[in-house]
Amino acid sequence: MFDIKLVRDNPDFVRQGLANKNERDRVDEILQLDENRRKLILETDELKARRNQASMQVGVLKKNGEDASAIIAEMKRVSDEITENDSKLRVIEEDLETILLSIPNLAHESVPVGKSADDNVEVRRWLPEGFSFEKPEYQIDHVQLGKKLDILDFERATKLSGSGFPLYKGKGATLERSLINFMLDFHLQHHGYSEIFPPFLVNKESMRGTGQLPKMQDDMYWAERDGLYLVPTAEVPITNIHRDEVLNEAQLPIKYVGYSACFRREAGSYGKESKGFLRVHQFNKVEMVKFAKPENSFEELEGLVRDAEDILQALNIPYRILMLCSGDLSFSAAKCYDIETWSPAEGRWLEASSCSNFEAFQARRANIRYRKEETKKLEFIHTLNGSGLATSRLMVSMLENNMTPEGKIVVPKALHKYTGFEVIG
RNA sequence: GGAGAGGUGGGUGAGUGGCUGAAACCAACGGUUUGCUAAACCGUCCUACUGUGUAAAACGGUAGCCCGGGUUCGAAUCCCGGCCUCUCCGCCA
């Protein structure tokens, strides 16, 4: 949720920030509502104070057997006025909340200002020994590979669920499962996370808490009868674990890692990019979530990115890190690094991870606070999350980069103990 | 799905419609006492919004006893609707 105080205290800063994010400027609207709200509160609170006093008098008078009808008659009028004011106030506050819930987080000062993905900045890249961008003659894409080796069956999957729902078979299924287990174990053993296995259906409050609602409503699967949404990412259930809680400063940062299947309707995005794994409605992802103190959340973000990178290096997959520009940041993020892996067949980079710091944006929505030892005050915590990683795009790069001239797949060494085989085909 | 019980502050748990932010106890924190620890005693001990105001503070008002309505001059307390938890029964992986 956008911080009303920031708008109140620093409207021009907010205006600029919204412009940097290609966002409509609603500052004046907010200020106007805020002013009306406060005026009304002041007025109504005074009436209520009067009523409280009078009610006390009535009590005393009645106890002494005296007549209180004059006060009661007057207070009846006052109460009516209060009721009226309260309903006006409710309308104003609803309007205000609607606006504040729909305004995205502002970019952090370290984020480059830019309009679109073209303005993202490559921070670094990592390439395996002997890697070349040159596409080998024998190279075929992951869809063809999957078919030829009978490990992926996109055609039959359509029969089951429609397009965009992958079906893994045989060693392909084993490979997928191994990848998930490998990533979870890696983060647990080397990066100090604790493991979560979250529910895959969550309620509206959870979706609003992390910022998917209201904006992404149409991109989510909605089980209407039960009022539940299929999770688009484990970020939602894992972050909401601490919704409406006060955390101890001493236990921070809290670091969770968890797997979930992820469900996205991807409404209106069919097109050339939707082949095979490139855009799917269901995919698997291992997600890292951190609850951090505000003063070091940006350091925690750097660590988060490194944790994801470690996986890719262990798997020997070429990748690059992008810092997203202000205009390309997602709704809730203040700063975000995308990790993209190389696809030889596509001849381009594919987004396999997104690591973001949301600052207090989600915490305000989900009401996640901590008690600061120094001041004894409650403050909103900073939340972060990053994919570590999504298997679908990763699988594309892994299959294609490990293809031999004979059309086999060499399984990365790190996965051998999970798969029980070293070659597919 | 059926029947019943219940939802009060960090916890346990009181609360005849009026002076109840809410007894008491526990926990926590500060202090006194004290060779040390403990005990005892005293004190502090919710949050949000809002106003005056400050370097920080401080002080005042309003609201909050699961949520939302209603009755009333006045609701934790009465009424209606909903949600959730627990127990038993049924169904089922």
Side-chain angles (χ1 to χ4, degrees), chain A residues 1-9 30-101 197 199-209 213 222-229 237 240-252 254 261 360-381:
Chain A
M1 172 121 73
F2 207 87
D3 188 1
I4 177 77
K5 291 186 192 120
L6 188 61
V7 184
R8 213 184 273 164
D9 299 340
I30 294 170
L31 289 175
Q32 187 61 57
L33 281 169
D34 185 47
E35 199 189 314
N36 293 348
R37 170 174 174 270
R38 287 155 84 180
K39 230 164 76 188
L40 201 53
I41 286 176
L42 192 60
E43 204 178 296
T44 311
D45 279 0
E46 272 166 18
L47 290 176
K48 284 178 180 168
R50 248 172 77 199
R51 180 177 69 181
N52 288 344
Q53 286 236 306
S55 293
M56 224 144 72
Q57 276 179 35
V58 171
V60 173
L61 288 174
K62 286 205 166 174
K63 207 181 208 169
N64 298 337
E66 294 176 48
D67 177 43
S69 57
I71 303 181
I72 289 178
E74 194 202 338
M75 282 311 115
K76 200 164 188 147
R77 282 205 317 278
V78 171
S79 273
D80 287 346
E81 203 175 332
I82 289 172
T83 308
E84 197 179 313
N85 278 6
D86 274 343
S87 57
K88 272 192 218 160
L89 187 62
R90 196 158 52 228
V91 171
I92 292 177
E93 294 194 325
E94 273 168 17
D95 289 352
L96 195 56
E97 195 188 22
T98 302
I99 295 177
L100 289 174
L101 280 174
F197 204 121
F200 292 179
L201 284 155
V202 298
N203 57 27
K204 282 184 179 168
E205 289 71 29
S206 297
M207 284 298 187
R208 193 172 44 232
L213 284 179
W222 161 233
E224 189 173 6
R225 286 177 64 163
D226 301 290
L228 296 170
Y229 292 88
N240 276 283
I241 286 173
H242 293 300
R243 172 150 50 85
D244 292 320
E245 288 186 13
V246 176
L247 306 172
N248 291 328
E249 184 171 357
Q251 64 185 133
L252 301 177
I254 295 173
F361 190 83
Q362 291 181 329
R364 264 191 302 274
R365 288 172 162 252
N367 191 29
I368 308 171
R369 298 175 295 174
Y370 76 107
R371 177 132 358 230
K372 202 177 165 92
E373 290 293 335
E374 199 186 325
T375 58
K376 305 280 181 211
K377 294 247 166 89
L378 291 174
E379 286 191 23
F380 288 113
I381 209 163

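Every chain is numbered from 1 and lettered A, B, ... according to where its sequence line falls, protein lines coming before strand lines. Any value given below was found using the heavy atoms of this structure, including those in side chains, with hydrogens, waters and symmetry copies removed.
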Given protein heavy atoms under 4.0 Å, the one-letter contact record of nucleotides 55-66 of chain B, with B base, S sugar-phosphate only and - none, is simply --S---BSS---
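- Both distances falling under 3.5 Å, in either a Watson-Crick or a G-U wobble arrangement, occur for no nucleotide opposite B:A75.
- Side-chain atoms of A:Ser206 and A:Asn203 include a donor-acceptor pair closer than 3.5 Å.
- Under the 4.0 Å criterion applied to side-chain N and carboxylate O atoms, A:Asp86 and A:Lys48 are assigned as salt-bridge partners.
- In this structure, A:Ile82 places its CD1 atom 14 Å from C1' of B:A75, rounding to the nearest Å.
- In this structure, A:Arg77 places its CZ atom 17 Å from C1' of B:G74, rounding to the nearest Å.
- Nearest heavy atoms, A:Pro199 versus A:Pro237: O-CG, 3.7 Å.
- For the pair A:Gly59 and A:Arg371, both in contact range of RNA chain B, the more 5′-proximal nearest nucleotide belongs to A:Gly59.
- Taking atom C1' on both B:G1 and B:U8, the two are 32 Å apart, rounded to the nearest angstrom.
- As rounded to the nearest Å, B:C86 and B:C66 have C1' atoms that lie 15 Å from one another.
- Pairing of B:A40, defined by two Watson-Crick or G-U wobble distances under 3.5 Å, is identified with B:U32.
- Note that the CD atom of A:Glu379 and the CG atom of A:Leu247 stand 13.0 Å from one another [nearest 0.5 Å].
- Nucleotide B:C91 forms no Watson-Crick or G-U wobble pair with any nucleotide shown, as no partner meets the under 3.5 Å limit on both distances.
- A sub-4.0 Å separation between OP1 or OP2 of B:G51 and a side-chain N or O of A:Arg37 is absent.
- The NZ-C1' distance, from A:Lys62 to B:C19, rounds to 16 Å in whole Å.
- Partner assigned to B:G51 is B:C59, using Watson-Crick or G-U wobble distances below 3.5 angstrom.
- A salt bridge between A:Arg38 and A:Glu43 is absent, with no side-chain N of the basic residue lying under 4.0 Å from a carboxylate O of the acidic one.
- Taking atom P on both B:G21 and B:G64, the two are 10 Å apart, rounded to the nearest angstrom.
- A distance of about 16 Å separates the P atoms of B:G30 and B:C46, rounded to the whole Å.
- In this structure, A:Arg371 contributes its side chain and A:Lys377 its backbone to no donor-acceptor pair below 3.5 Å.
- At least one donor-acceptor pair closer than 3.5 Å links the side chain of A:Arg364 to the backbone N or O of A:Met1.
- Checking side-chain atoms of A:Asp226 against main-chain N and O of A:Leu228 turns up no donor-acceptor pair under 3.5 Å.
- Under the Watson-Crick or G-U wobble criterion, with both distances below 3.5 Å, B:G10 is paired with B:C26.
- The pairing partner recorded for B:U16 is none, the criterion being a Watson-Crick or G-U wobble arrangement whose two distances lie under 3.5 angstrom.
- To the nearest whole angstrom, the two P atoms, one in B:G9 and one in B:G68, are 15 Å apart.
- Summary of the strand contacts: A:Arg38 and A:Ser79 both lie near RNA chain B, and taking for each the nucleotide with the nearest heavy atom, the more 5' one is attributed to A:Arg38.
- Taking atom C1' on both nucleotides, B:A75 is separated from B:C65 by 11 Å, rounded to a whole Å.
- Nucleic acid contact for A:Lys376: none, since no nucleic acid atom lies under 4.0 Å from a heavy atom of the residue.
- Residue-level contact check: A:Lys5 touches the backbone only, with heavy atoms under 4.0 Å from sugar-phosphate atoms and none from bases.
- Rounded to whole Å, the separation between the P atoms of B:C45 and B:G60 comes to 12 Å.
- Between the P atom of B:A48 and the CD atom of A:Glu379 lies a distance of 11 Å, rounded to the nearest Å.
- The C1' atoms of B:A23 and B:U77 are separated by 15 Å, rounded to the nearest whole Å.
- Spacing between atom NZ of A:Lys372 and atom C1' of B:C29 amounts to 19 Å, rounded to whole angstrom units.
- Contact between the side-chain N/O atoms of A:Arg8 and the OP1/OP2 oxygens of B:C49 is not found at any separation under 4.0 Å.
- Rounded to an integer number of Å, the gap from A:Leu33 CG to B:U50 P is 14 Å.
- The distance from atom CD of A:Glu245 to atom C1' of B:U47 is 16 Å, rounded to the nearest whole Å.
- Around the CD atom of A:Glu249, the shell of radius 6.0 Å holds more than 12 heavy atoms that belong to other residues, nucleotides or ligands.
- Atoms CG (A:Leu378) and C1' (B:C49) sit 15 Å apart, rounded to a whole Å.
- B:C65 makes up no base pair with any nucleotide shown, lacking Watson-Crick or G-U wobble contacts both under 3.5 Å.
- In this entry B:U85 has B:A5 as its Watson-Crick or G-U wobble partner, both defining distances falling under 3.5 Å.
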